[in-house]
Structure formats: structure tokens, C-alpha cells
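Chain letters run A, B, ... following the sequence lines, proteins first and then strands; every chain starts at 1.
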Protein chains: 2
Amino acid sequence: MLGLMQDWPLLLYKIIDHAAQQFGDREVVTRSIEGPIHRTNYREVRDRALRVAQRLEKDGIKLGDRVATLAWNTWRHLEAWYGITGVGAVYHTVNPRLFPEQIAWIVNHAQDRAMLLDLTFVPLMEAVQDKCPSIERYVILTDKAHMPATKLKNAIAYEEWIAEVDGDFAWKDFDENTAAGLCYTSGTTGDPKGVLYSHRSNVLHALQGCMKDTLSVSAQDSILPIVPMFHANAWSLAFSVPLAGAKFVLPGAKLDGASVYELLETEGVTLSAAVPTVWLMLMQHMQANKVELHTLNRVVIGGSACPPSMIEFFEERGVTVNHAWGMTEMSPIGTIGAIKPQLAALKGKDLMAIKAKQGHAIFAVEMKITDDENNRLPWDGVKFGRLKVKGPAIARRYFKREDEEILDEEGFFDTGDVATIDPNGYMQITDRAKDVIKSGGEWISSIDLENLAVGHPDVAEAAVIGVVHPKWDERPLLVIVPKEGKEIDRDAMLKFMDGKIAKWWMPDDVQFVREIPHTATGKINKLKLREEFKDYKLPSA
Amino acid sequence: MLGLMQDWPLLLYKIIDHAAQQFGDREVVTRSIEGPIHRTNYREVRDRALRVAQRLEKDGIKLGDRVATLAWNTWRHLEAWYGITGVGAVYHTVNPRLFPEQIAWIVNHAQDRAMLLDLTFVPLMEAVQDKCPSIERYVILTDKAHMPATKLKNAIAYEEWIAEVDGDFAWKDFDENTAAGLCYTSGTTGDPKGVLYSHRSNVLHALQGCMKDTLSVSAQDSILPIVPMFHANAWSLAFSVPLAGAKFVLPGAKLDGASVYELLETEGVTLSAAVPTVWLMLMQHMQANKVELHTLNRVVIGGSACPPSMIEFFEERGVTVNHAWGMTEMSPIGTIGAIKPQLAALKGKDLMAIKAKQGHAIFAVEMKITDDENNRLPWDGVKFGRLKVKGPAIARRYFKREDEEILDEEGFFDTGDVATIDPNGYMQITDRAKDVIKSGGEWISSIDLENLAVGHPDVAEAAVIGVVHPKWDERPLLVIVPKEGKEIDRDAMLKFMDGKIAKWWMPDDVQFVREIPHTATGKINKLKLREEFKDYKLPSA
């Protein structure tokens, strides 16, 4: 027997409708790509999003079509998302940090019919447009006055483009499971994989994001998402901020310390979200200029592990740090570092130990860690296993790879991470599954060994990879870049590590190199490193 | 094109699973019906809810069956809800304040197969059980030691009943639109009407309730819902409190000032929710005993309009008052009195004027006011019209009256209230639609006239009804009960009102009576009053 409640599908335009009606005058402030600070509000953002929808329909864009955006966080990018999804089309966020050939690859894979792009990226697309034949038109996110001379196909300034319709338009009706957004993961191996969000998953994730113990979004807030919209929905903020009616502050292209600091202060920002690299730039700016924060009261840090010194920097200034973890396939928030009531009395190092973990699962994210046979492992904070997740805003398939099963028999998605979960439910990533070293049926965390090795005063960088071993399957090899002008003795290095880890975790050998290969995003490229050492044989083998 | 996110239905047991896994040790504290304070936690509540589910299945209860609960807010009642819905059956909350014959009527209408009831209500059901043949078994929410001698059919103590199974049970799988809860409205006219909540609507409403600007539920909170679970899901708290992992404090049968005050203080309650009558008892207790509140920081007041003096009482003590409005058909929250950012600077009377309104619509509640032809009226705070609402947790039909259309052509449900909405979006109920006086095509609020009339020092109670008029269709008649020993002159009364309202709002006549009829819940029974005056003719007619 079904309930008798209204059929009110969870559609993204309900969010901007609510924002416009209940918080119509609430400001949306952007550091524009053209330079000046731009001010609008939710009423105008909705009105213009309706024009985008109407204009797309005029161009023949319909339900299910993909429209690419290659853009910073601005009010126009926000309008574009609500407009695109308002006709049932799909915003495909292209990450400008990809190599040009990768951009062409994903545009072709997505078969984007149009692209809305910032001035910044016109040269980039001019260079690859010949490889992107599906794109019928390029809309430059600017006005006529700033429109550059460009050879981009059917190029038009966004302001001109939306001025061609009158805005007398109604959002389309469709199922809440309709595709809304497409974001490709930039894996280090194989082709990029497209995650296809739905209206339902995005609206539910916005509600999850609004929760007091997740991002705690309120109409009283002024919120600056520095994390880009092309990074998995700006961690839900593109939806949860208008949903709650908070003031929205958008940084445009300038993510340097001085620019971010200025926006935080002039716009009374209370909540901001970014990766550690961005916070580091802010910290350096503040320290160099001896300036302090006056309105910020909490930050969300995610994307990669947050160093304790960063947590301390903010908390000393009365800014609560929420360490979050997630991934593109998870919309993206999976865990948040909110302190549970039973830990409320923790202080100092004990508190920091919890805050440095990735946090606990939010509602509608189920989590488990398993061994290689998919048996659940205990939440004891010690045993680590493959981290798997389940929920309404988590991928079940990749776009155009629908025949590939990516869930286990219980419906969990394998994150590719290896993690522990402690008795309080706090998860800590210990490694990438493909980097973990499998020795005699047990797992050794390469990251733990690396963190230990870089603690040596003469080590600039360290990487650990598994090397084939006849008896143990794999054993750890430690690869080290010594600090300039320093030399390190192999045995002294091992002695430095001895006693700080389990005996059987000790690397079997140490190799010294001048350089360790990195990925485009600055992480250690273990794939390449393993290749470099493919002929290497352990002395113990 | 559909998105590729996981099919993770919004089911109520996901809430208690999350609470048990992430907040397993968090306390659930009850003033038990037997007397002592009882302590359990979410892990145990889930374990026992699983037993309820397993036990119901053993009794043959299956998807869609109705199971009545006639109970106060206790841990057992909470377990029962999650257990009943965990097999896809429907908890039917019976309001013990109904007349016995009404209880029999709704039990028969619902065709409840079992009833779980508190010790308090055993005599009540013994008196009417002959009229409730659909009930196969009565489960008394107590243990063997407290089990009374009773003639209730197949009566068994809850603790004995769930001890008959081992708890090795898995929740059932079903569609998220499956019926979960049934609650009858106690209208003053006609038969009670059943609102049939679904898993989806309850889970979504729990998320709406958790929002920072709705009830702001956090794991850090200790929450006491004094509003009963038989009043529309205890205003979402039966679901949003476990969802967020907050400490849950349940008052049992004792809602008097002393008992409530004791729980607030001993259990460190930070948030509580109740109707004005309950708060009045608490205020009287606190004033009589000269005691203060030490942990409470916010209260939600709803059910009927909250007097400004009550708001002041709490706010003087540092307790933020959130005035809320909703109805059974709305799950129930529709609006909340959170202060919007543009009003943050308001103080004193201006702030109170906003707080005394019913608040603004929360996300996923669309709202409009219309005239009799369903034209939308402006949000100017002056014009009042029929209040209509739309959303995923709002009824579209009543149970077993599925052929009766209750939505307008835009899919809005008519609340039966008449209201204004101001330019900031704050709604204020001005009357019940059936009580509003329609004079010459314009509407006059009976409540406004009553509020003005009771301001006269010699008036004990006042009611205004519309009386047929040949020229104006209806004109207002003021009915007054003078204070004991006082006499009021008709013309003096009208003179008292003159100048304080629009000329055409002035009552055409005043009648003095010894008593005004009331409903079971203490409201003025205008239906009966209109009947008493059915032969009355206005002097102006």
C-alpha cells in the first residue's frame, strides 16, 4: 500500500525557486572574471536562469542533452546550471586543469552540444575546438563590451545570448531521476569516467549538506565556496547555499591568498570550503601581512588530508575546522569531522587525533571496510580494508559504461581507498587500494611508511611501493629523495624507522633517487614509479 | 535520460540504522509510564525495533497492514514505530483525547489489526473494544511485572511479546512511497479524515526538520519533544532526532510544569517543542517556584498562536523561540519563525511583531494565498486569502477517500486557513476559512474582531460569526460573555472598537450570553454558535 502524499519531484529548480521567493534580495557576490566585484541576488539569478533555459530551448537543447561549462565559480556559472537543468539538460563541468587532449576526450565522450566558458579559457578551447565537433556553439560568459575576437564556433557573449529571449518561460516537468550533471573523474589510469548526477541525488545531497553537523548552512551565513563548481558540485554548496538562503560569495578565477582574504573580510564570510593548498596560500598571506580573520567562524577542508598544523592555525583563531572526505562519485560528501558528543570533552592532542581523521559518515551514506573477500572488518581503528559506500547520491554506474558492474553484491561502491574506522565511527584513509602492499596475506599502508620516512630530517620526499617477492607476494621498497646537499645512509634510514612500526612493515630496501614522478595534481605517481622500478629485485628475494 | 546514481530508497529504518551505527551509545531517556526514569540508547532501540518487526511478522502482520498505537512519548512507542514500518506496515497513531466513540470509529475505518497501548489507556480500550472487532491483539506497552488484569483481547505485555523472538531479522525491502503512518485529523465537522504518510515523506520531512533554520537538530543536542507522537510525528522529531544522533528525552504521560521542568534540567535539554498550553504550565511552575532554566537554548512553539508574553518569557531567559505552524496534512511543519537576515537588526516590538507571525515556508513547502477564484493574492502583509500549500510531505488525498479531489488545479492543498503573507515571506493566520465573514465580496477576519473585543476590561470571552444579510451577504455579529459581575452596554462596546478597525469591519450588532460553546480541544465551537444564532436577525437587515 502506498502513502497518499503529494508527488513533488526533487528537482533542482525547486531550490532556486525557493531561494528567489523566500530570499529574493539575498546577495550573490562574485569577483568577476572581468575584474570588478559583481552583485546580484537570488531573484535575479532565477530570472536569468529562466532565460538560459528558454535560450537553450530556442537552440534546440532538450531533455538529456549535455551542455559543457568550463568556468570558475561565478553568478553566471550558477545561473547556467539552474538554466541547463531547468530544461532537463545536463551540465557537464569540464575541469580546466585537465590537459587539452583530455578535455577534447571528455567533450567527445559526453557529446556536449554547447559549451559555456569563461574568458580565461577561450585560448584553451580555440586550440582544441577542431577536436570537439559535437559542440555547436560556444557561449562566452561575459558581456558584449568584454567579448574577445575569437574563432570559436558561433561564439556569442552570454549576456547577448540570453538577451535574445524574454524570460517568459516555465521550467519543464520531468522525473526526479533525470540526469542533471556530469563530472568526469581524472583517474591516473585508463580513460576518465563520467559520473552522472540526477536531480534527486543533487537535491538530497543539498539537504545532507545543509545539516547542522555536516556544513550547517543557514540563511544567516555568508558562504564562500573556493572549491570550484567543476569539482563535484562545489561540495554541494552550489545547491545547499541557495536552498538555505545564505549569502553566496563566489571567488571567480582568483584563488590566491590575498584575493581570498579580501573576499572573506569585505563580504563578511562566515563559512568557506577549499582544499588544503588554497588554505595554505591564505595562511601564508595572513602571516606575511600580519592580518587576522574577523567574521569567518568555520571552514571545511577536504580534497586531500589536512595537516594538523592547518587545523591548529584556524582553531587558534576561533575558526572551527571541519575535515571532510568524499569523491566525485559521492556527489561528493561522504564523511565530516564533526565531533560526536561522547568526544566533546577531548582537548589538545587527543582532539587533534580525531580531527585529523576524515570524519564519520553523514546520514544517507552507508559505509563499510572489507577484506579482499568482501568480508566486513571490525570498526576498531586498527584493521584496515577497502572502503565501500552506499547511498542515494553515490554512483551506481559510469556514463556510457552502463554494462560495467561497479557495485558489490550488497550494492556498495568501492572507493578505491583503504581505510580504518574507529569504534566512534571515524574513518581514516590509510592508502589507495592499488598502492597498499600485500605481504603474506596482510596489508601494509604505503602512506604510513611514507609519513614516517619524511619525518627524517634529511629526507625531502619519500614513496613506498610494493615489489614482487617470491615468498611474501609483495614487500615494501622505500624510495627516497634526499634534501639538497644531504646524503642518507640506507641502514641509518631503516634504523630511524625501526621500532616505530611493526617489524613486518619494515621496508626490505631503500633506494635513493633525484626525483619522484608526480601526477598533474601534484600527487606521487606510483604507477610511473612502479614502472621505473619494474626491473628492480629486492635483496631479500 | 536518467542519472546513474544508486537506487537507495528513503526508508524509515535507514534512520534508526544510521543512529545505531553512528550514535549507538547516545541516550534515549524516558519518564516511563510505570514511574521511574528509563535509560536506553539508539543501538538498543534499533535491536528491539527489529524484534517488534520480527514479532509482527510472526503474528501475520504484513505490508500495508495497520497497527494502532495509543501511547505517550516513550522509548517503547519509538521502537514500535520503527518496528511496524520495518515490515512495511503502518503505525496508526490514535489520539487518546478523542471521545471513545471517535476512537472506535477511526480504528474501524483504519481496520487496525493490532493495537499497542500504554497502561494509562487500558480502561479506555476495555470500554470500547467490543466496537473494534478488527483488532486481533492488544499489546500493553509494559513488562510482565506491571501487567494489569485485563479483558483486552489476547492481551500481552510488550516485553513478553518481543521476547518471543530472537531479533535475528532483516528489514523488509519495499518502495519508498509505501505507506508508513496514519494520523486522523479531528475536524469539527464531518468524519475524521486519515492522512497517510509514506516512508519518503517522513524521511524528507525529517531532513527538512533537521535544517539549521528549521529545528536545527544536531548530535550535540538533548531534545525533549513534549508534543506527542500522536500529533503528526511529534513535529518530525521522532525521525529527525535519531537521524541527527541527538540525545532523545521523552516525557511519558507527565506533561505538567513540574515534571517537564525536572526533565529539562536533569537531562540537560537544549531544545524542546510543545503547544502554548504546555509552556504556560511550565511558566507557571517556574514563576511559582522561582526556578530558572540552565541548559535550554531554544523552544519550538506551535499548534496554536503563541502569545507575545510567552515569547518574551523565554527570550528574557536566553531561550530563542521559534514559532512554527503546520498541520497533520503537512507532516506537519509548514512554516518556521526563523528571523531572515534582512530582519536581523530588528529589536523590541518590531522583532516581536515578526515572531508573533507563523513564520516563513521551509524548503519543499510551496505556499500561496488566493481569493475565492483561486487567483494568487500579493504578499503585502495586508491582503488575506485562502492559504494553500504544496510539497512532498503534504497530503494529496485522504485514506479511503481517494476519489475525493482535495488539491486545486496547480496541485496545492487548501489548508482551510485564511492568512496574509508579508513582503518578507512571513505568513500570519487571520482566520479559519469557514469562519471568515464575507461582506460585499470582501473578507472580514473573525479572529481580529475577537482579539480586539477581548481587549475590553469587562469582556471574559468574545466570538464573532457571520450572519446572513440581504445586501452584504454576511455581516459580523459579536457575541460576548461579560466577566462575572460585570455588565457591558452594547453601544459602549461598539464605541470601544470604533476607530481601531476599518469602518466596514464594525460588527452590526452585539449579543451578550452566559457561555460560548467550545470544542473538545478548547477552541470556540463556531459551528454550534452559528446554530444557536440561526434564527437571529440583524437589526440592519
Visitor: Begin with the C-alpha distance, continue with both residues' side-chain angles, and end with the deciding distance and a verdict on side chain to side chain contact (heavy atoms under 4.5 Å, CB included) for A/Met1 and B/Arg66.
Guide: CA-CA 10 Å; A/Met1 186 172 70; B/Arg66 274 78 65 200; 3.9 Å; yes

Visitor: Just so I understand: if I count every heavy-atom pair under 4.5 Å between each of A/Tyr426, A/Trp379, A/Tyr398 and chain B, which residue has the most?
Guide: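 Greatest number of close heavy-atom pairs with chain B: A/Trp379.
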
Visitor: Can you see whether A/Phe363 has B/Lys14 sitting over its ring - NZ or CZ less than 6.0 Å from the centre and within 45° of the normal?
Guide: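 Output no; distance or angle outside limits.
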
Visitor: Kindly write out the residues that satisfy side-chain contact (heavy atoms from CB on, under 4.5 Å) with A/Gln220, not counting sequence neighbours, or none if the list is empty.
Guide: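 Listed in chain order: A/Ser218, B/Pro341, B/Ala344.
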
Visitor: For A/Arg396 and B/Met5, which heavy atoms make the closest approach, and how far apart are they?
Guide: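 For A/Arg396 versus B/Met5, the nearest heavy atoms are NH1-O, 2.7 Å.
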
Visitor: Name the member of A/Ala364, A/Gly88, A/Ala244 that forms the most heavy-atom pairs with chain B at distances under 4.5 Å.
Guide: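 Sorted descending by pairs with chain B, the first entry is A/Ala364.
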
Visitor: Heavy-atom pairs under 4.5 Å with chain B: which of A/Gly391, A/Gly425, A/Ala395 has the most?
Guide: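 So the answer, after comparing A/Gly391, A/Gly425, A/Ala395, is A/Gly391.
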
Visitor: Could you give me the CA-CA distance, side-chain angles and deciding distance for B/Gln21 and A/Glu366, then say whether side chain to side chain contact (heavy atoms under 4.5 Å, CB included) is met?
Guide: CA-CA 9 Å; B/Gln21 188 168 54; A/Glu366 296 180 52; 5.7 Å; no

Visitor: Which one wins on heavy-atom pair count under 4.5 Å against chain B: A/Val365, A/Ile15, A/Asp175, A/Thr178?
Guide: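 Sorted descending by pairs with chain B, the first entry is A/Thr178.
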
Visitor: Side-chain contact, heavy-atom cut-off 4.5 Å: B/Met211 with A/Val217?
Guide: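 Heavy-atom side-chain distance check fails, nothing below 4.5 Å.
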
Visitor: Please classify the contact between A/Ala180 and chain B as side chain, backbone, both or neither, with a heavy-atom cut-off of under 4.5 Å.
Guide: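 The answer is neither part of A/Ala180.
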
Visitor: Give me the atom names and distance for the closest heavy-atom approach of A/Ser198 to B/Gly3.
Guide: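 Shortest heavy-atom contact: CB-CA, 4.1 Å.
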
Visitor: Counting heavy-atom pairs closer than 4.5 Å to chain A, which one of B/His199, B/Met367, B/Gln342, B/Arg26 comes out on top?
Guide: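 Among B/His199, B/Met367, B/Gln342, B/Arg26, the one with the most close pairs to chain A is B/Arg26.
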
Visitor: How far does CG of A/Leu4 sit from CG of B/Asn177, to the nearest 0.5 angstrom?
Guide: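 If I round to the nearest 0.5 Å, the distance is 10.5 Å.
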
Visitor: To the closest 0.5 Å, what do you measure between CE (A/Met330) and CD (B/Gln6)?
Guide: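 Reported value, rounded in 0.5 Å steps: 9.0 Å.
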
Visitor: Can you tell me which portion of A/Phe413 sits under 4.5 Å from chain B's heavy atoms? Options are side chain, backbone, both or neither.
Guide: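 When you check distances to chain B, atoms from both the backbone and side chain of A/Phe413 fall under 4.5 Å.
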
Visitor: Only heavy atoms, only distances under 4.5 angstrom. Which residues in residues 402-412 of chain A are near chain B?
Guide: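 Within residues 402-412 of chain A, the residues under 4.5 Å from chain B are A/Glu402, A/Leu407, A/Gly411.
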
Visitor: Please enumerate all residues that pass side-chain contact (heavy atoms from CB on, under 4.5 Å) together with A/His109, with sequence neighbours excluded.
Guide: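 Partners of A/His109 by the side-chain contact (heavy atoms from CB on, under 4.5 Å) criterion, ordered by chain and then number, come out as A/Trp105, A/Tyr184, A/Phe399, A/Lys400.
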
Visitor: Chain B: which of A/Ile339, A/Leu182, A/Leu10 shares the most heavy-atom pairs with it under 4.5 Å?
Guide: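 When all of A/Ile339, A/Leu182, A/Leu10 are compared, A/Leu10 has the most.
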
Visitor: Against chain A, work out which of B/Arg397, B/His360, B/Gln22, B/Gln208 has the most heavy-atom pairs shorter than 4.5 Å and name it.
Guide: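 Maximum pair count with chain A is reached by B/Gln22.
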
Visitor: So, for A/Ser216 and B/Lys212, which heavy atoms are closest and what is the spacing to 0.1 Å?
Guide: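 Looking at all heavy atoms of both residues, the closest pair is OG-CD, 3.2 Å.
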
Visitor: Do B/Leu2 and A/Arg200 come within less than 4.5 Å of each other through their side chains, counting heavy atoms only?
Guide: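 No, too far: nothing below the 4.5 Å cut-off.
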
Visitor: At a 4.5 Å cut-off on heavy atoms, which part of A/Glu329 comes close to chain B: side chain, backbone, both, or neither?
Guide: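 Answer is backbone: N, CA, C or O of A/Glu329 sit under 4.5 Å from chain B.
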
Visitor: Do A/Ile362 and B/His18 make a side-chain contact, defined as non-hydrogen atoms from C-beta onward lying under 4.5 Å apart?
Guide: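 Result no, sub-4.5 Å side-chain heavy-atom pair not found.
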
Visitor: Of all of A/Ser331, A/Gly64, A/Ala219, which one pairs up most often with chain B through heavy atoms under 4.5 Å apart?
Guide: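 Top count of heavy-atom pairs under 4.5 Å with chain B: A/Ala219.
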
Visitor: Given a strict heavy-atom distance threshold of 4.5 Å, which part of A/Leu204 is in contact with chain B: side chain, backbone, both, or neither?
Guide: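 Contact with chain B: side chain only.
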
Visitor: What part of A/Lys247 gets within 4.5 angstrom of chain B, counting heavy atoms only: side chain, backbone, both, or neither?
Guide: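 Contact with chain B: none, neither part.
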
Visitor: Mind checking ring pair (Phe, Tyr, Trp, His ring centres under 6.0 Å) for B/Tyr91 and listing every partner two or more places apart, or none if nothing turns up?
Guide: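 Expected list: B/Trp81.
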
